[in-house]
Number of protein chains: 2
Amino acid sequence: MTAKIRAERRTDALSKARIVEAAIEILDKNGEDALTFRALAAHLETGSGAIYWHVADKDYLLAAATDHIVARVMADAARGSSPRDVIRAMANGLFDAIDGHPWVGGQLSRNPWQYAVLRLMEGIGSQVQALGVPERAQFNVVTALLSFMLGLAGQYAAGARLFPRDADRAEVRKAHLGAVAAKWMELDPAEHPFVRQVAKVLPEHDDREQFLAGIDLILAGMESIQKLGAP
Amino acid sequence: MTAKIRAERRTDALSKARIVEAAIEILDKNGEDALTFRALAAHLETGSGAIYWHVADKDYLLAAATDHIVARVMADAARGSSPRDVIRAMANGLFDAIDGHPWVGGQLSRNPWQYAVLRLMEGIGSQVQALGVPERAQFNVVTALLSFMLGLAGQYAAGARLFPRDADRAEVRKAHLGAVAAKWMELDPAEHPFVRQVAKVLPEHDDREQFLAGIDLILAGMESIQKLGAP
DNA sequence: TGGATGGTTGGAACATTGTTCCATCCATGT
DNA sequence: ACATGGATGGAACAATGTTCCAACCATCCA
């Protein structure tokens, strides 16, 4: 065993990058709650103390993991033609990322001061600038887009937290939404008419479409305000 | 001591309502992290086990506390003239609630399936219906408004988590935003032009104005889409 | 009226977590 | 060869949510 450890030392040297990578593996495979320093230490065949030499604390680790994912999304989305397309590509990419790594949604919405969020803000901001929005309105428009994204990210993450890692997520998800809808249908029709109406559509609705519809809505509002202010 | 307890029994009988009330007191006075079952038990002069007789677990307790606050907001906001005004009143009320009880923001954004969120959805939904939005578009519009609200709620809550309960919040907040802005200004101008531009406005900006601006933006988008589809 | 009953209570005990501490290791430079 | 200090592994600590259980006491029945 000691020999094995010795042999591994060279190739297995601990590092922030390797730790973040392992954390992402655990998060992806077993969900948000599964990431503990003990599980991480076991996965890396070391002790928890050693991890703290490279990583300040759990918050930092989660922020680093999240940034790792978001950075790729933003880089890919940057290759678009019009500013509108880039924004929609970023939204699409973010959706894919959260779909593939549900914990990213929770982490993004929980901690808005982390670097990953700053990345999103810069990416969205530069495109909003390119759209010719007057400077004093840019902040509000970007915040609206960003908050909407983070808000929905949190919601999807909460949904995913309920059934962590299943083979046929689509099926499980639909069953779950069906159960929620059924519960909503039991509410008093006089007190909750709208929710009951939504319940009918809930199990069939497409998350991605909903996400992009929200983005388009905000962009449309932005344009209508621009037209209003221009002439 | 035993006599005292006996005497108190009658007036002090434990109940879900009294527990929720005490939880809100602790959350308001000492912040999100301060609510533990031990602190709660001490505050109620009982043991943690007794609390579990009335309350399933901490999630349930937090959801109940949140709903207690949100219910009042929605009831107050319902007294408005036009649907637009009601929506803005709800947003304003929600902002006040989060401003006064920052933990509400965190709780709302963390758990979208709790009853408080359903309340918000019903409240917003009925007004959107009243605005004459076509039924198949209602779901997306309401989700957009709701997600934006929850997203920004989470952000404000995260901000408040950094300085839990201070006498002059306004001062502390400004100092904190100033520190964030200063950090942002240190970023590479080539890589983060937009963030650096925002940093200049950050410490002075008005949260409430920003919140309502987002609502108006989405409402404007909704109207422009309506006009587009109608004629 | 007195004893049984079962809804409540209080607090000890447990499992799990993030984090700290420290004895030990080993590649490097002298 | 040997001292040094960056890295490591794992034990120990403090805090938390939750469970468990002995004791309590108002109520109901005999």
Side-chain angles (χ1 to χ4, degrees), chain A residues 1-23 26-27 30-66 103 106-107 110-111 114 161 164, chain B residues 1-23 26-27 30-66 103 106-107 110-111 114 161 164:
Chain A
M1 179 103 186
T2 344
K4 189 190 165 196
I5 286 178
R6 257 193 213 126
E8 281 181 351
R9 269 286 166 75
R10 289 247 160 53
T11 53
D12 257 22
L14 230 43
S15 70
K16 187 190 141 185
R18 241 170 61 77
I19 292 172
V20 168
E21 191 186 344
I26 293 175
L27 287 165
N30 300 327
E32 223 165 340
D33 292 340
L35 181 66
T36 68
F37 274 83
R38 282 166 181 78
L40 196 53
H43 192 286
L44 290 165
E45 297 183 48
T46 178
S48 35
I51 296 174
Y52 277 91
W53 183 259
H54 300 272
V55 154
D57 56 18
K58 197 176 179 181
D59 278 347
Y60 177 85
L61 177 59
L62 279 168
T66 304
W103 52 274
Q107 179 59 21
R110 190 164 16 256
N111 182 359
Q114 64 188 317
R161 219 175 295 135
Chain B
M1 178 105 187
T2 343
K4 190 188 164 197
I5 286 178
R6 257 194 213 130
E8 282 180 349
R9 268 284 165 78
R10 289 249 160 56
T11 55
D12 259 20
L14 230 45
S15 70
K16 188 193 142 185
R18 242 169 62 76
I19 293 172
V20 169
E21 192 185 345
I26 294 175
L27 287 164
N30 299 327
E32 224 164 340
D33 292 339
L35 180 65
T36 68
F37 274 83
R38 280 166 183 78
L40 196 53
H43 192 284
L44 290 165
E45 298 184 47
T46 179
S48 34
I51 297 175
Y52 276 90
W53 182 259
H54 300 272
V55 154
D57 57 16
K58 197 176 179 180
D59 278 347
Y60 177 85
L61 178 58
L62 279 169
T66 305
W103 51 273
Q107 179 59 21
R110 186 160 25 253
N111 183 357
Q114 64 189 317
R161 218 175 298 135

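So that the names make sense, note that chain A is the first sequence line, chain B the second, and so on, each numbered from 1.
Shown for residues 51-59 of chain A: residues whose heavy atoms fall under 4.0 angstrom of DNA chain D, namely A:W53, A:H54. Scanning residues 33-43 of chain A for heavy-atom distances under 4.0 Å to DNA chain C yields A:L35, A:T36, A:F37, A:R38.
Comparing B:S48 and A:L44, the nucleotide of DNA chain D nearest to each residue sits closer to the 5' end for A:L44.
Scanning for side chain to side chain donor-acceptor pair (under 3.5 Å) contacts around A:Q114 gives A:Q107, with sequence neighbours left out. A search for side-chain contact (heavy atoms from CB on, under 4.5 Å) contacts involving A:A34 returns A:I26, A:N30, not counting sequence neighbours.
C:dA15 is paired with D:dT16 under the Watson-Crick or G-U wobble criterion, all donor-acceptor distances under 3.5 Å.
For the pair B:S48 and B:A41, the tightest heavy-atom approach, listed with the atom from each and the gap, is N-CB, 3.7 Å. The minimum heavy-atom distance between A:A50 and A:L14, with the atom names listed, is CB-CD2, 3.8 Å.
Rounded to whole Å, the distance from CG on A:N30 to C1' on C:dT17 is 17 Å. Remark: P of C:dT17 and CG of A:L62 are 14 Å apart, rounded to the nearest angstrom. One interatomic measurement links the two molecules: CZ of A:R18 to P of D:dA7, which rounds to 15 Å at whole-angstrom precision.
The list of ring pair (Phe, Tyr, Trp, His ring centres under 6.0 Å) pairs with a residue in residues 34-56 of chain B, not counting sequence neighbours, reads B:F37-B:Y52.
At least one donor-acceptor pair under 3.5 Å links the side chain of A:R18 to the backbone N or O of A:A13.
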Between side-chain atoms of residues 56-64 of chain B and protein atoms elsewhere (two or more places apart, or another chain), which donor-acceptor pairs fall under 3.5 Å?
from, atom 1, to, atom 2, distance (Å)
B:D57, OD1, B:D59, N, 3.4
B:D57, OD1, B:Y60, N, 3.0
B:K58, NZ, B:L35, O, 2.8
B:Y60, OH, B:K16, NZ, 3.0

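Interatomic distance, CG of B:L40 versus CD1 of B:I51, reported as 4.0 Å (0.5 Å rounding).
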